[in-house]
Amino acid sequence: QVQLVESGGGLVQPGGSLRLSCVASGRIFIINTMGWYRQAPGKERELVAAITRGGSTKYAEFVKGRFTISRDNAKNTVSLQMNSLKPEDTAVYYCNANTVVTGTLQGHDYWGQGTQVTVSS
C-alpha cells in the first residue's frame, strides 16, 4: 500500500560525501517518523538517523556531526547527507517511514529495498 524508493548510494573514497534520498508513494494519509537504518554484512540492522514530522531529529552516536537528515512533508521525501565517510560506514542503507494508510487509523512501518553505500579507497 506504501512504497519507498531509495536512491543515491554508491562507491566513495574515505572522507567523501554522498546524499541518499527516499520518496514514499501510495495510499498515504500521513507519515509520522521517517528514518534511515543500515545493515553491514554479518551485523544487525541499526538506526542511523530519524526525523519526526515536526522536524525533531535523532542520530546514532557514530554519525553525529557527519550526517544530516532532512525531510519534505509535502513531497513525502527524506534525505540523508553523509559527509566525512569512513570505511566502517559501508552498509546497505534502508529508508523507513511510519505511515498511516488512507482509511486507517494506525501507523505501520514501511521499508525501502535498500541502497548500497561502499566507502573504500
Side-chain angles (χ1 to χ4, degrees):
Q1 301 185 80
V2 176
Q3 298 79 41
L4 301 180
V5 178
E6 301 113 334
S7 61
L11 172 65
V12 64
Q13 292 186 343
S17 298
L18 281 175
R19 184 176 180 84
L20 305 182
S21 296
C22 172
V23 57
S25 62
R27 298 178 61 237
I28 297 170
F29 175 63
I30 194 169
I31 302 178
N32 298 314
T33 299
M34 303 184 81
W36 290 94
Y37 290 71
R38 72 186 188 186
Q39 187 167 19
K43 295 188 176 182
E44 294 187 353
R45 190 174 297 189
E46 59 185 356
L47 174 69
V48 175
I51 183 167
T52 68
R53 185 169 181 83
S56 297
T57 58
K58 176 181 179 180
Y59 293 94
E61 284 295 326
F62 52 77
V63 302
K64 281 185 178 179
R66 300 189 298 125
F67 293 8
T68 302
I69 190 170
S70 60
R71 68 185 284 176
D72 185 328
N73 291 333
K75 297 181 179 179
N76 292 332
T77 61
V78 62
S79 297
L80 185 69
Q81 178 66 42
M82 304 186 294
N83 300 327
S84 302
L85 283 161
K86 305 174 181 180
E88 50 264 42
D89 293 318
T90 296
V92 178
Y93 284 70
Y94 296 90
C95 174
N96 170 272
N98 185 273
T99 306
V100 179
V101 171
T102 303
T104 68
L105 297 176
Q106 188 171 2
H108 294 279
D109 282 333
Y110 292 88
W111 295 88
Q113 79 287 354
T115 185
Q116 177 71 45
V117 171
T118 302
V119 185
S120 175
S121 56

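Residues Val12 and Trp36 fall within the same hydrophobic cluster, defined by Ile, Leu, Val, Met, Phe, Trp and Tyr side chains chained together at heavy-atom separations under 4.5 Å.
Remark: side-chain polar atoms of Gln39 are not paired, donor with acceptor, to backbone N or O of Ala91 under 3.5 angstrom. No side-chain donor-acceptor contact under 3.5 Å links Ser21 to the backbone of Ser79. A donor-acceptor contact shorter than 3.5 Å is absent between the side chain of Gln13 and the backbone of Ser121. Under the 3.5 Å distance criterion, the side-chain polar atoms of Arg27 are matched with a main-chain donor or acceptor of Thr102. When atom types are taken as modelled, the side chain of Tyr59 and the backbone of Ile69 share a donor-acceptor pair closer than 3.5 angstrom.
With rounding to the nearest 0.5 angstrom, the OG1 atom of Thr90 is 7.0 Å from the CD atom of Gln116. Atom CG of residue Asn98 and atom CE of residue Met34 lie 10.5 Å apart, to the nearest 0.5 angstrom. If you take CZ on Phe62 and CD on Glu46, they are separated by 3.5 Å, rounding to the nearest 0.5 Å. A distance of 7.5 Å separates OG1 in Thr104 from CD in Gln1, rounded to the nearest 0.5 Å. Note that the CG atom of Leu20 and the CD atom of Gln81 stand 9.0 Å from one another [nearest 0.5 Å]. The CG atom of Asn32 sits 10.5 Å away from the CD atom of Gln106 when rounded to the nearest 0.5 Å.
Inter-residue side-chain proximity for Phe67 and Leu85 is flagged as met; some heavy-atom pair is nearer than 4.5 Å. No side-chain heavy atom of Val23 sits under 4.5 Å from any side-chain heavy atom of Gln3. Looking at Lys58 and Leu47, their side chains come closer than 4.5 Å, going by heavy atoms from C-beta outward.
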Practice task
Step by step, work out the side-chain contact (heavy atoms from CB on, under 4.5 Å) result for Leu11 and Ser120.
Solution key: CA-CA 7 Å; Leu11 172 65; Ser120 175; 4.2 Å; yes
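Using the six-membered ring where Trp is involved, Tyr37 and Trp111 have ring planes that are perpendicular, over 60° apart on the 30 and 60° scheme.
Taking all atoms of both residues into account, the shortest heavy-atom contact from Gly114 to Glu6 is N-OE1, 2.8 Å. Shortest non-hydrogen contact noted between Ile31 and Arg53 is O-NH1, 3.4 Å. Summarising the geometry of Leu4 relative to Cys22, their closest heavy-atom pair is CB-SG, 4.0 Å, with the distance given to 0.1 Å.
Sorted by first and then second residue, the salt bridge (Lys or Arg N to Asp or Glu O under 4.0 Å) pairs with a member in residues 84-93 read Arg38-Asp89, Arg66-Asp89; sequence neighbours excluded.
By the neighbour-count criterion of 12 heavy atoms within 6.0 Å, atom CZ of Phe29 is sparsely surrounded, having that number or fewer from other residues, nucleotides or ligands.
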